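Count residues from 1 along the sequence. Just so we're clear, the structure is a prediction, and the values are computed from it rather than from any experiment. First listed ligand is number 1; within each ligand, the first listed atom is number 1.
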Amino acid sequence: MSRKIFHTLLSVREAVEEVVKRVKPAPKGVEEVGLEEALWRILAEDIYAPVDHPPFDRSEVDGYAVRSIDIEWSDELSPVELRVAGSVRVDEEPGIACRPGEAIEVATGAMVPMDCDSIVMEEYTERTGEVIKVYRSTSPGENISTAGSDVSAGDLVLLKGTRLGHEHIALLAGLGVGRIPVYVKPRAAVYSTGDEIVEPGEPLSAGKVYDVNGYLVTSYLRELGVDAVFKGRLPDDYEILRNTIESDLGSYDMVFTSGGTSAGIRDLVYRVFEELGEVVVHGLKTKPGKPTVIAVSGSRLLVGLPGFPLSCYMILRGVVKPIVSLMTGLREDERIVEATLPVRVRKQVGKTWLIPVSLVEGVNGYSAYPVSFSSGSIASLIYSDGYVELPEDLDTAEAGSRVRVYLFRDPPSPGRLNIIGSNDPLLMELLRATRLAYSSRVLNTGSLAGWHAVARGEADIAPTHLLDEETLVYNTPFLKKFNLEGKAVLIRGFDRLIGIVTAPGNPKKIEGIEDFLRSDVRIVNRVRGSGIRTYLDHHLKKILSERGVPFTRVRELVKGYTYEVKTHTAVALAVRQGRADAGIAVGYVAELFNLGFKPLTWEEYDLLVPVEKQGKPGVRRLIDALVNKEIIEPLLQGKYGRYYRIPVNAGKPKHNR
Ligand SMILES: Nc1nc2c(c(=O)[nH]1)N[C@H]1C(S)=C(S)[C@@H](COP(=O)(O)OP(=O)(O)OC[C@H]3O[C@@H](n4cnc5c(N)ncnc54)[C@H](O)[C@@H]3O)O[C@H]1N2
Ligand code: MOO
């Protein structure tokens, strides 16, 4: 079998254009569905209102239909008397009209009799027999909704291409449209590839990962209006693959696969695509997304997506969505907001980068924080609001440059609490307990980045536990270093117990930091700038200087010193998986992973809050929760108790010492 040479890599735009040129994607037809089946279907025709809404002049209250001129001078002290000439219930035609000096009793929703121009609510009347006293005047039109005042017959109310939600369905129902013209859904078969892929819910053994893409692709396509079916994993066998996909082409309009290099199955998928159709895209000039393959077979589409979930998502969003929307008929404006890039991004020339970002609203509009550069990320699917495109020929996007953000969903509301900085499980529990978690965006960037975010005015709260090397004081010295005195306050948070995490039972008898210098001990370190790293370096410096050894030799003397990870959990995992014998982390994670723990010290975890954000309701609620016994005590009585303590000055501003 011949080996295929890579075709030229295409840009996202070229890929979409090439595919569109060949398959001319369009809806397969139109069908009518009832209102009950219409949810999330794509409307196939513009809808003009066939009738008025409301269909007649309608009373909005229970009361009396009157001529406003008759009761012009009535008030509490001088009520006007009117004779009740009759009554109109809902669902009946009024047989009478208003004459001077008369009122007609009407129910809410009833037709308004002729010559009445307003309705006075029954609360403002007093009835004796066939006479009412009216204690208020009305203005013409009061409490009446006239025919067509809401929607007029002939109005264009819904546009074709709209994905029907509850609001559209309600409107159609109110206008009496019982059969809705919608586009016939195109059908798609979705597969995952890879021997390491495991069905969610099954146990996970070493080297395996749960299948993300099968469900990601299927649900994404359904949201676009496709009748998509997830058909499981494809085997690494040319014949089976070819037969499966060929038979799918008989009953589906599209076949999607994802992943493939690991088992060499990509090559098979590619060859099958090539045998069954014409390969139009073989590789994209983007990061992520390079291993994207698209072939066409008549009007049918064969799509091979990257295996990494974030890569897969970006290609769904950037390439698949514009093509498939033409097939489902979905018309949705590309939603874009302008934003500032708050950090410098270096990239290689020659590829367009698609970077998921989280939007944070500051004084100068939105900032777009890159969420994750890792193609394998799944958290970034949740933590991003959209993506930015950094062009092919750019090698560095400078901090402060303006970018366009292609939104994944609605932009964040201004009330969203932006918590940027260090991550902590107790903090998350407080957010949950105060229900702030639902309206917060928590970006786990580490303490240092949180300070920068506050300096730029983008964080409402930056949780921090930075240790100053010179003074060994937590957090406060940095107010000066970041030039934030008077601009931000440090609110005292809580103390966390940090210590040495070891394998269960501490088989290597690691009792203190001195043991990190033993030749049989390998550690896992934290990244520079983290409080724990500063703490460790301080103690290592002390020990080495006592032994007369320069600190520059630390890399050769402490095994694993350059193995740096970003989170407490990563420290615990490195120890649990045997990649390290020891590391320093908060005690809580040691317990979470059933590891050994030797306490070292209490670390001060505080909240840095910009002065102008102190009054923001969410900020106040979180600070109040710190000292709210009903919230804190149950947490400390539970699993957090051993590793956390609330200082007496919790919730209060800390002052520079
Ligand atoms: N030396 C090079 N290595 C890699 C290159 C390269 O150019 N040179 N490209 C990188 C890029 S870019 C990507 S993207 C991946 C290519 O990945 P594939 O699309 O071939 O996919 P796999 O290798 O099968 O998987 C990658 C990764 O994703 C996981 N995966 C796969 N399917 C799923 C799924 N359904 N759910 C969850 N996770 C999935 C898989 O386990 C792998 O971890 O290669 C880079 N390498
Ligand atoms: O294309 Mo890979 O998709 O860069 O991560």
**Message:** Between Tyr191 and Phe230, is the ring centroid distance below 6.0 Å?
**Reply:** no

**Request:** Indicate yes or no: does an N/O atom of Val212 lie under 3.5 Å from an N/O atom of ligand 1?
**Result:** yes

**Request:** For Gly259, take its heavy atoms, then give the atoms of ligand 1 lying under 4.0 Å from any of them.
**Result:** 19 (O), 21 (O), 24 (O)

**Message:** As a check for students: among Tyr215, Phe308, Tyr191, identify the option with a heavy atom nearest to atom 26 (C) of ligand 1.
**Reply:** Phe308

**Prompt:** If hydrogens are left out, which of Pro291, Gly307, Gly214, Ser375 has an atom nearest to atom 12 (S) of ligand 1, that is, the closest non-hydrogen atom?
**Reply:** Pro291

**Request:** Please answer whether the main-chain N or O of Ser384 pairs with a side-chain N or O of Arg409 as donor and acceptor at a distance below 3.5 Å.
**Result:** yes

**Request:** Kindly identify the option in Thr292, Leu284, Asn213 whose heavy atom sits closest to atom 34 (C) of ligand 1.
**Result:** Asn213

**Asked** What atoms in ligand 1 come closer than 4.0 Å to a heavy atom of Tyr210?
**Response** 36 (N), 37 (C)

**Asked** Which atoms of ligand 1 have any heavy atom of Ser192 under 4.0 Å away?
**Response** 35 (N)

**Message:** According to salt bridge (Lys or Arg N to Asp or Glu O under 4.0 Å), who are the partners of Asp410, at least two apart in sequence or on a separate chain?
**Reply:** Arg335

**Complete:** Near Ile197 (heavy-atom distance under 4.0 Å), the atoms of ligand 1 are 30 (N), 31 (C), 32 (N), 33 (C), 34 (C), 39 (C)

**Request:** Would you confirm whether Arg187, through its side chain, and Ser251, through its main-chain N or O, come within 3.5 Å as a donor-acceptor pair?
**Result:** yes

**Message:** At less than 4.0 angstrom from any non-hydrogen atom of Lys290, what atoms of ligand 1 do you find?
**Reply:** 7 (O)

**Asked** Are the side chain of Ser377 and the backbone N or O of Ser380 linked by a donor-acceptor pair below 3.5 Å?
**Response** yes

**Request:** Ignoring hydrogens, just give me the one of Leu216, Ile378, Leu310, Asp211 whose non-hydrogen atom is nearest atom 35 (N) of ligand 1.
**Result:** Asp211

**Request:** Under the side chain to side chain donor-acceptor pair (under 3.5 Å) rule, collect the residues that match up with Glu246, sequence neighbours excluded.
**Result:** Arg242

**Message:** Walk me through whether Arg22 and Glu278 qualify under salt bridge (charged side-chain N to carboxylate O under 4.0 Å, His left out).
**Reply:** CA-CA 10 Å; Arg22 283 176 177 78; Glu278 178 202 357; 3.0 Å; yes

